[in-house]
Amino acid sequence: MDVPDFRTVTVEALAAMVRDRTLTAAAVTEHALERIEALNPTLNAFVAVDADDARAQAAAIDEQLDAGDEVGPLAGIPIGVKDLADAVGFQTSKGAMYTRDDPPAASDSTEVARMRAAGCVILGKTNTPEHGCMGDTYNPRFGPTLNPWNIERSPGGSSGGTGSAVASGMVPVGTGSDGGGSIRIPSAICGLSGIKTSHGRVPSGPPPSGLIDLSCVGPMARLIRDVALCLDAMVGPHPADLRSLPKPDVSWRAALDSPRVPARVLWAPSIDGEPVDSEIAAACAAAVEQLAAEGVEVVETQTQIGAVPGIFLQLFFGGLIGPAFCSLYGTDEWANVTDVLAVMLEDVYERVTVSSIYEARQRAGELSMALAEAMEGYDALLMPTLAGQAPAPAGHGTINGEETPNWFRFTPLANLTRRPAGTVCCGFSREGVPIGLQVVGHQLDDLTVLETLAVLEDLLALNPIAPDLAP
């Protein structure tokens with residue numbers, strides 16, 4: 001049997017075919033390597049691939065299966081690892097020039113180790129902006145990644161390499177991280193269903209992550225049930241992550257066989273009252289109307305939760321990104337830092353203080369309380385995933401044709417308040433780029449977000465499949 005196109009087969013079905021020996025892990029891995037060879041010169045989604053080691057991993061899985069051994073729910077699934085996480089044998093470049101002489105990782109990050117233990121084959125590393133610092137994916141070391149839906153557009157960031165690789169069918173699954181929207185932004189504009197779980201569901205590290213960390217890690221796939229399947233293999237505590245949470249009592253994937261339809265949702269066309277691109281606004285509103293037509297009570301909020309960017313920039317650049325670059329500041333190596341990141345960090349180093357970080361964390365707590373109050377009595381909050389259209393690579397997104405740096409200003413809300421939040425495709429722009437509708441849940445209520453995404457995915461039935469760019 002020929003290996004199915006990764007863009008048209010579920011991860012669950014593909015793994016089942018490997019386990020029942022309809023397909024071999026070796027054949028599935030070879031298909032992934034062929035897709036990467038054909039597509040990566042155009043899209044630049046992968047920055048490192050070890051074909052020989054991938055083949056060896058796949059052969060070992062086939063040997064175990066032939067011997068009657070259990071290899072895990074993701075048997076033979078090839079994946080790409082976002083280049084902020086460690087994977088044995090690969091350098092963790094973080095999209096930075098200063099890491100160019102670093103040795104390969106000697107161990108896996110927790111999320112990679114758990115994917116490997118579930119049966120995945122690690123192919124290589126996917127591109128990211130330097131230290132995951134932007135909603136676009138480009139860096140001075142590896143250049144830009146392109147969107148398979150429209151190669152004149154970015155796939156978003158910072159997990160844009162994984163988003164592009166999955167949407168184009170190079171791999172069926174990859175890893176991502178989300179410190180301000182970095183799973184949801186590329187998922188939205190690459191036509192994937194994605195989720196930023198509650199912080200600590202999938203542990204970060206090692207090395208240990210600090211409590212000020214806004215970011216969390218997780219899988220990326222085309223469909224939300226496949227994301228849930230991967231999450232089942234990845235969630236659960238780890239001592240390297242001080243925020244890590246107990247493993248859920250139920251299988252999230254099993255819960256999506258019959259997802260609960262929300263009874264009452266809050267709809268926020270613009271959570272801050274500022275403009276939203278008209279195409280995005282129309283597509284999201286139409287999706288919400290379809291949900292209402294199914295009997296879900298939809299209440300449009302008139303409340304503005306508050307401006308997010310100021311708090312977010314203090315914590316993201318001052319607390320999360322800034323410390324990693326302190327040793328480079330003032331040295332010759334500073335000239336190699338991504339231009340926009342260098343400008344942001346120079347401003348941070350001049351203005352951010354211990355007191356300002358403390359005040360920003362206090363404001364984030366106040367924002368969390370305001371969000372909880374606004375969502376009281378509702379199952380979830382619905383809003384556009386993005387305020388604006390995808391940028392050209394290394395450019396700005398646009399709102400109604402006007403360039404703006406605030407095109408993804410809606411995603412950091414969930415990071416600041418540590419809420420689970422996901423995105424589902426609800427339409428397409430005139431340029432053929434997918435549009436995402438965002439679902440934000442109550443504190444720690446990941447399951448309702450997953451179920452609502454599954455309900456919307458089924459109801460909208462768009463099944464977005466990117467064009468095949470293979471020659």
Enquirer: Looking only at atom types and distance, does a side-chain atom of Ser168 sit under 3.5 Å from a main-chain N or O of Ala165, one as donor and one as acceptor?
Expert: yes

Enquirer: In this structure, are over 12 heavy atoms from other groups packed under 6.0 Å from Ile465 atom CD1?
Expert: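 Check passes, neighbour count above 12.
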
Enquirer: Would you check, one step at a time, whether the test side-chain contact (heavy atoms from CB on, under 4.5 Å) holds for Ile183 with Ile195?
Expert: CA-CA 7 Å; Ile183 286 175; Ile195 184 172; over 6 Å; no

Enquirer: State whether a side-chain donor-acceptor pair under 3.5 Å links Asn400 with Thr398.
Expert: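 Not at all, the side chains of Asn400 and Thr398 share no donor-acceptor pair under 3.5 Å.
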
Enquirer: Take Ile122 and Val81 through the side-chain contact (heavy atoms from CB on, under 4.5 Å) test and state the conclusion after the steps.
Expert: CA-CA 7 Å; Ile122 314 301; Val81 174; 3.9 Å; yes

Enquirer: Please report the closest heavy-atom contact between Phe142 and Ser93, naming both atoms and the distance.
Expert: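 In terms of heavy atoms, the two residues are closest at CE1-OG, 3.2 Å.
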
Enquirer: Is there a donor-acceptor pair closer than 3.5 Å between any side-chain N or O of Asp446 and the backbone N or O of Thr197?
Expert: no

Enquirer: For residues Phe428 and Pro464, report the shortest heavy-atom separation together with the two atoms involved.
Expert: CZ-CB, 3.9 Å

Enquirer: Where the side chain of Arg114 meets the backbone of Met234, is there a donor-acceptor pair that is under 3.5 Å apart?
Expert: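 Yes: the side chain of Arg114 pairs with the backbone of Met234.
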
Enquirer: Whether the Thr448 and Asp445 side chains hold a donor-acceptor pair (N or O, under 3.5 Å, no angle test) is what I'd like checked.
Expert: yes

Enquirer: Given side chains that start at C-beta, do those of Leu313 and Met344 come closer than 4.5 Å, heavy atoms only?
Expert: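 Yes, close enough: below the 4.5 Å cut-off.
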
Enquirer: Which value, rounded to the nearest 0.5 Å, describes the distance between Asp50 atom CG and Phe90 atom CZ?
Expert: 5.0 Å

Enquirer: Output the distance between atom CG (Asp277) and atom SG (Cys284), rounded to the nearest 0.5 Å.
Expert: 10.0 Å

Enquirer: Does a side-chain heavy-atom distance below 4.5 Å link Met134 with Val340?
Expert: yes

Enquirer: What is the distance from atom SG of Cys425 to atom CD1 of Ile224, rounded to the nearest 0.5 Å?
Expert: 13.0 Å

Enquirer: Taking Ser109 for its side chain and Val112 for its backbone only, find out whether a donor-acceptor pair lies under 3.5 Å.
Expert: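 Pair absent, no side-chain N/O of Ser109 close to backbone of Val112.
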
Enquirer: Please check if the number of heavy atoms outside Asp257 that lie under 6.0 Å from its CG is greater than 12.
Expert: yes

Enquirer: When the ring centroid of His131 is compared with that of Phe325, is the distance short of 6.0 Å?
Expert: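 Yes: the rings meet the under 6.0 Å criterion.
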
Enquirer: Any sub-3.5 Å donor-acceptor pair from Gln91's side-chain atoms to Arg100's backbone N or O?
Expert: yes

Enquirer: Report yes or no: does Ser270 contribute a side-chain atom to a donor-acceptor pair with the main-chain N or O of Val276 at less than 3.5 Å?
Expert: no

Enquirer: Indicate the atoms forming the closest heavy-atom contact of Pro393 with Asp136, along with that distance.
Expert: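 Nearest pair, atom of Pro393 first, then Asp136: C-OD2, 3.7 Å.
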
Enquirer: Check the side chains of Thr423 and Gln438 for a donor-acceptor pair under 3.5 angstrom, ignoring hydrogens and angles.
Expert: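 No.
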
Enquirer: Is the CD atom of Glu152 crowded by more than 12 outside heavy atoms at less than 6.0 Å?
Expert: no

Enquirer: Is it the case that the side chains of Thr99 and Arg141 hold a donor-acceptor pair, with the cut-off being a distance below 3.5 Å and no angle test?
Expert: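 Short answer, yes.
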
Enquirer: Should the heavy atoms of other residues, nucleotides or ligands under 6.0 Å from CD of Glu37 be counted, would the total exceed 12?
Expert: no

Enquirer: Would you compute the distance between atom CG of Asn147 and atom OG of Ser154 and round it to the nearest 0.5 angstrom?
Expert: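 One gets 7.0 Å once the value is rounded to the nearest 0.5 Å.
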
Enquirer: Is a side-chain donor-acceptor pair under 3.5 Å present for Glu431 with Trp149?
Expert: no

Enquirer: Might you work through the salt bridge (charged side-chain N to carboxylate O under 4.0 Å, His left out) test for Glu12 and Arg225, ending with a clear yes or no?
Expert: CA-CA 8 Å; Glu12 192 165 18; Arg225 288 174 176 85; over 6 Å; no

Enquirer: Does a side-chain N-to-carboxylate-O contact under 4.0 Å join Glu279 and Arg430?
Expert: yes

Enquirer: Does a side-chain heavy-atom distance below 4.5 Å link Leu386 with Ile185?
Expert: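 In contact.
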
Enquirer: For Pro4, which of Val9, Thr10, Val28 qualifies under side-chain contact (heavy atoms from CB on, under 4.5 Å)?
Expert: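 Checked Val9, Thr10, Val28 against Pro4; only one passes side-chain contact (heavy atoms from CB on, under 4.5 Å): Val9.
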
Enquirer: Starting from the C-alpha separation in whole Å, work towards a yes-or-no answer on salt bridge (charged side-chain N to carboxylate O under 4.0 Å, His left out) for Asp226 and Arg222.
Expert: CA-CA 7 Å; Asp226 285 336; Arg222 205 171 64 84; over 6 Å; no

Enquirer: Check whether any side-chain heavy atom of Thr92 sits under 4.5 Å from a side-chain heavy atom of Lys125, and report yes or no.
Expert: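 Heavy-atom side-chain distance check passes, below 4.5 Å.
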
Enquirer: Determine, step by step, whether Val166 and Leu192 satisfy the side-chain contact (heavy atoms from CB on, under 4.5 Å) criterion, reporting the C-alpha distance in whole Å, the side-chain angles of both residues, the deciding distance to 0.1 Å, and the verdict.
Expert: CA-CA 8 Å; Val166 171; Leu192 316 179; 4.0 Å; yes

Enquirer: If I take atom CE from residue Met375 and atom CD from residue Gln443, how far apart are they, to the nearest 0.5 angstrom?
Expert: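 One finds 10.5 Å between CE of Met375 and CD of Gln443.
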
Enquirer: For Thr404 and Arg409, which I'm curious about, is there any donor-acceptor pair between the side chains at under 3.5 Å?
Expert: no

Enquirer: When Asn139 is tested against each of Thr145, Thr128, Asn127 for side chain to side chain donor-acceptor pair (under 3.5 Å), which residue passes?
Expert: Asn127

Enquirer: Do the ring planes of His31 and Phe6 sit parallel (below 30°), tilted (30 to 60°) or perpendicular (above 60°)?
Expert: perpendicular

Enquirer: Looking at Asn336 and Glu130, what are the two nearest heavy atoms and their distance?
Expert: O-OE1, 4.3 Å

Enquirer: Are Arg7 and Asn463 close enough that a side-chain donor and a side-chain acceptor fall under 3.5 Å?
Expert: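 Asn463 and Arg7 do not have a side-chain donor-acceptor pair below 3.5 Å.
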
Enquirer: Side chains of Thr126 and Lys82: donor-acceptor distance under 3.5 Å anywhere?
Expert: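 Lys82 and Thr126 do not have a side-chain donor-acceptor pair below 3.5 Å.
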
Enquirer: Show the nearest heavy-atom pair for residues Asp241 and Gly200, with the distance to one decimal.
Expert: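 Shortest heavy-atom separation between Asp241 and Gly200 comes out as OD2-CA, 4.2 Å.
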
Enquirer: Measure the spacing between CD1 of Ile321 and SG of Cys133 and express it to the nearest 0.5 Å.
Expert: 6.5 Å

Enquirer: For Gly156, is there any backbone N or O sitting under 3.5 Å from a side-chain donor or acceptor partner on Thr137?
Expert: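 Present.
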
Enquirer: What I'd like to find out is whether the side chain of Leu123 reaches to under 4.5 Å of the side chain of Ile79, using heavy atoms alone.
Expert: no

Enquirer: So does Cys216 get a backbone contact from the side chain of Asp178, meaning a donor-acceptor N/O pair under 3.5 Å?
Expert: no

Enquirer: Side chains of Val173 and Met220, heavy atoms from C-beta outward: is any pair under 4.5 Å?
Expert: no

Enquirer: Distance-only, no hydrogens or angles: does the His396 side chain make a donor-acceptor pair with backbone N or O of Glu402 under 3.5 Å?
Expert: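 Side chain of His396 to backbone of Glu402: no pair is present.
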
Enquirer: With no hydrogens and no angle check, is any side-chain donor or acceptor of Gln304 less than 3.5 Å from a backbone partner on Ile271?
Expert: no

Enquirer: Would you kindly say whether Ser198 and Arg243 are connected by a side-chain donor-acceptor distance under 3.5 Å?
Expert: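 Per modelled atom types, Ser198 and Arg243 side chains form no pair under 3.5 Å.
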
Enquirer: Would you check if Arg153 and Ile189 make a side-chain contact, meaning some heavy-atom pair closer than 4.5 Å?
Expert: no

Enquirer: Assess, by modelled atom type and distance only, whether the side chains of Lys196 and Ser182 contain a donor and an acceptor separated by less than 3.5 Å.
Expert: no

Enquirer: Nearest heavy-atom pair of Ala466 and Ala167: which atoms, and what distance?
Expert: CB-O, 3.4 Å

Enquirer: Does some side-chain heavy atom of Val299 sit less than 4.5 Å from a side-chain heavy atom of Arg264?
Expert: yes

Enquirer: Leu266 and side-chain contact (heavy atoms from CB on, under 4.5 Å): which partner among Val440, Val298, Leu381, Asp379?
Expert: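 Considering Val440, Val298, Leu381, Asp379, a side-chain contact (heavy atoms from CB on, under 4.5 Å) with Leu266 is found only for Leu381.
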
Enquirer: Between Ile399 and Gln389, does a side-chain contact (heavy atoms from CB on, under 4.5 Å) hold up when you go through it step by step?
Expert: CA-CA 6 Å; Ile399 295 178; Gln389 302 275 4; over 6 Å; no

